[in-house]
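Nothing fancy with the numbering, it's 1 onward along the sequence.
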Amino acid sequence: MLDKQAVKYYRTLRIPAKISKISIVLYIVMLALLVLMYLMHYCIGKAIGLEKLYTVLTIHIVVWTITPLLLKITIPYIKPRQSVNAAFFLLVPAVPIEIASSFAYMPCLGYVIIPLLGVLFIRSFTSSRLKSYIAVLQCLVIEFLSILFIDAMELYSTVTRIALALLSLSMALYFSETISYKNDMPVYKIASSWLKAMMMNDDEELSKIFSDIGTYERIDTYVMLFDQGRKSIALTVPLIHFGPFRTAGSAAFPHLMDKIMSSSNIVPIVFHSAGSHERNLVSFSESLNLGKVIAEKIISKENFVEETIYEPFRVRNTLFDAFVLQTSSTVFIVLSTPIRGNDDIPYQVQLEAERLGQRYGFSNVVIIDAHNTEGGTINDTSKYLETIIAALSKSSKQCTKTGVGYGEALVKGIVEGLCTNKVKVVAIQCDDALYGIVYLYGNNAKIGLRDMVRRLAIDLGYKDAEIVTADDHSCSGITYD
């Protein structure tokens, strides 16, 4: 994926949502402010003549009118309102400079700043060096007209304008070329393909880039299948991450598995494993291929072995809370961080769990990231080891009477944070006790929500329950609107 500097750069392209919604109004207000300022200069101090006033106002109005049109022509896939947002982003920084320069009797000098942002902005959206020079050309035209019709070729003003314009152009071109490649990755090409995916739902270019910079790797998938004939449940843990967003890469993988297996009598519950965006699949087609292979293996029960299941249990410490499912050879460890929250558990934790599992006699140890409490990532692998060792070393009684139940329901209305309003619940019976898994198609949950849902389940008669989300990225990501 992208290095931290590239990600930080992309984030500078964002316009806060609250500003975006009223950007057209703000855009007009800023232009009106400039017009009013020069009218005041004329009416109060007579610092500017009538003929020059007409020229200055004409240049300002033309610039603020034509900039959104230029951006729309240069970046065809953006919407009209988005072109106004972009023009607002480019021109507003010129306003304070323009206010200051008006008192120095050099109107329209603020537009020398356009290349500093314009070159980066246009090149990020188009990945075209040539198109980005439109911002340079716009600046030069404005300052050339100002020298001719406002300054009347006056030496001091001419030299000042040329010097500041050249400084702005030099800085823009320098920074533009400096960040064009990071870690041998084409930053602008990635940026433009990412923006197309976000704004047009077209991830073809982005998938090609991911394919070019991706690596081949064996992907293990662990399945605990409760085979009940008419309705079976497959607890499925592919060692991939569901990202980056929407349908790009493997972001929609849990939804894809639901669709692939919808015609079978097996319901997949696709858990989030350890790992972050470095474990995204490179394209939707790769996700589709993997999903079909997994579904085929589950439906055919190829290489499945019948095993004894043991009573689910918990292990806790001051940081982690683990819900543990054990069979004769396999351990599923569902990790939560209820107090301080967590994001993606590092993939190294899965590797450490596999290593420790061999020591305790388990063939398969699987880390499931419950992703149920919002918080910053705990990157220190050593902090997870105590909980994993406790889960592997503790034993529980064998279930003599077992069963599994499944239910799903749609939540009415719009629920913030859910990509799909469907809620899945799996009930596992061990003798006379019920254990529940509540599965949500969300990215994470606020601190406290998990505990509230667990209490509700326990009040309904469950001995224990865990809440998990898919870390669903199919409806997440940054949108420009």
Non-hydrogen atoms of S146 and I59 that approach each other most closely: OG-CD1, 4.2 Å
Short side-chain donor-acceptor distance under 3.5 Å, N342 and H371: no
Sub-6.0 Å ring centroid separation between H473 and F253: no
Nearest-0.5 Å distance that lies between atom OG1 in T221 and atom CD1 in I240: 7.0 Å
S273 side chain to P238 backbone, donor-acceptor under 3.5 Å: yes
Distance, nearest 0.5 Å, that separates CD of E143 from CG of L164: 8.5 Å
K424 side chain vs E408 backbone, donor-acceptor pair below 3.5 Å: no
Pair N379-T377, side-chain donor/acceptor within less than 3.5 Å: no
Carboxylate-amine/guanidinium proximity below 4.0 Å for D212 and K189: no
Check: I24 main-chain N/O paired with R81 side-chain donor or acceptor under 3.5 Å: no
Beyond-backbone contact of D369 with F271, side-chain heavy atoms, under 4.5 angstrom: no
Closest non-hydrogen atom pair, C419 against D472: CB-OD2, 3.4 Å
Y77 atom OH, over 12 foreign heavy atoms within 6.0 Å: yes
Closest approach of S127 to Y188 (non-hydrogen atoms, all atoms of both residues): CB-O, 3.6 Å
Heavy atoms of other groups near Y347 OH, more than 12 under 6.0 Å: yes
Whether over 12 other heavy atoms sit under 6.0 Å from E204 CD: no
Trace of the side-chain contact (heavy atoms from CB on, under 4.5 Å) decision for I368 with H272: CA-CA 6 Å; I368 295 173; H272 183 296; 5.8 Å; no
Main-chain N/O of E177 paired with S180 side-chain donor or acceptor, under 3.5 Å: yes
Output field: ring centroids H255/Y441 closer than 6.0 Å: yes
Between OG on residue S250 and CG on residue L288, distance to nearest 0.5 Å: 12.5 Å
Spatial distance of atom CG (L281) from atom CG (L290) [nearest 0.5 Å]: 6.0 Å
Aromatic contact, Y38 with Y42 (centres under 6.0 Å): no
Residues E154 and R161 bridged, charged N to O under 4.0 Å: no
Nearest non-hydrogen partners of I437 and L235, listed with the distance: CD1-CD1, 4.5 Å
Validation row: I73, I134 side chains within 4.5 angstrom (heavy atoms): no
pair Y111-H60: side-chain heavy atoms closer than 4.5 Å: yes
Working for side-chain contact (heavy atoms from CB on, under 4.5 Å), residues F323 and V468: CA-CA 11 Å; F323 180 72; V468 299; over 6 Å; no
Side chains of Y105 and H41, donor plus acceptor under 3.5 Å: no
Side chains of L140 and L169 in contact at under 4.5 Å (non-hydrogen atoms): yes
Expected output: side-chain R316 to main-chain D321 donor-acceptor under 3.5 Å: no
Charged N-O contact under 4.0 Å between R279 and D344: no
Under 3.5 Å donor-acceptor, D151 side chain and T158 backbone: no
Donor-acceptor pair between N443 and D471 side chains, under 3.5 angstrom: yes
Side chain S132, main chain R123, donor-acceptor under 3.5 Å: no
Check: S168 side chain, A165 main-chain N or O, donor-acceptor pair, under 3.5 Å: no
Derivation and outcome, side-chain contact (heavy atoms from CB on, under 4.5 Å), residues V141 and Q138: CA-CA 5 Å; V141 169; Q138 184 183 12; 5.9 Å; no
Closest approach of T58 to Y54 (non-hydrogen atoms, all atoms of both residues): OG1-O, 2.7 Å
Step-by-step side-chain contact (heavy atoms from CB on, under 4.5 Å) determination, M452 to L449: CA-CA 5 Å; M452 181 183 71; L449 179 64; 3.4 Å; yes
Minimum heavy-atom distance G291-I260, with the two atoms named: C-CD1, 3.6 Å
Note, T126 side chain near I75 side chain (heavy atom, < 4.5 Å): yes
Flag, side chain of K72 to backbone of P76, donor-acceptor distance under 3.5 Å: yes
Contact check, side chains of K422 and D258, non-hydrogen atoms, under 4.5 Å: yes
Beyond-backbone contact of L90 with L71, side-chain heavy atoms, under 4.5 angstrom: yes
Under 3.5 Å donor-acceptor, E98 side chain and G110 backbone: yes
NZ/NE/NH1/NH2 to OD/OE distance under 4.0 Å, R355 and E352: yes
Non-hydrogen side-chain atoms of F284 and L256 separated by less than 4.5 Å: yes
Over 12 foreign heavy atoms within 6.0 Å of CG, L33: yes
Carboxylate-amine/guanidinium proximity below 4.0 Å for E374 and K446: yes
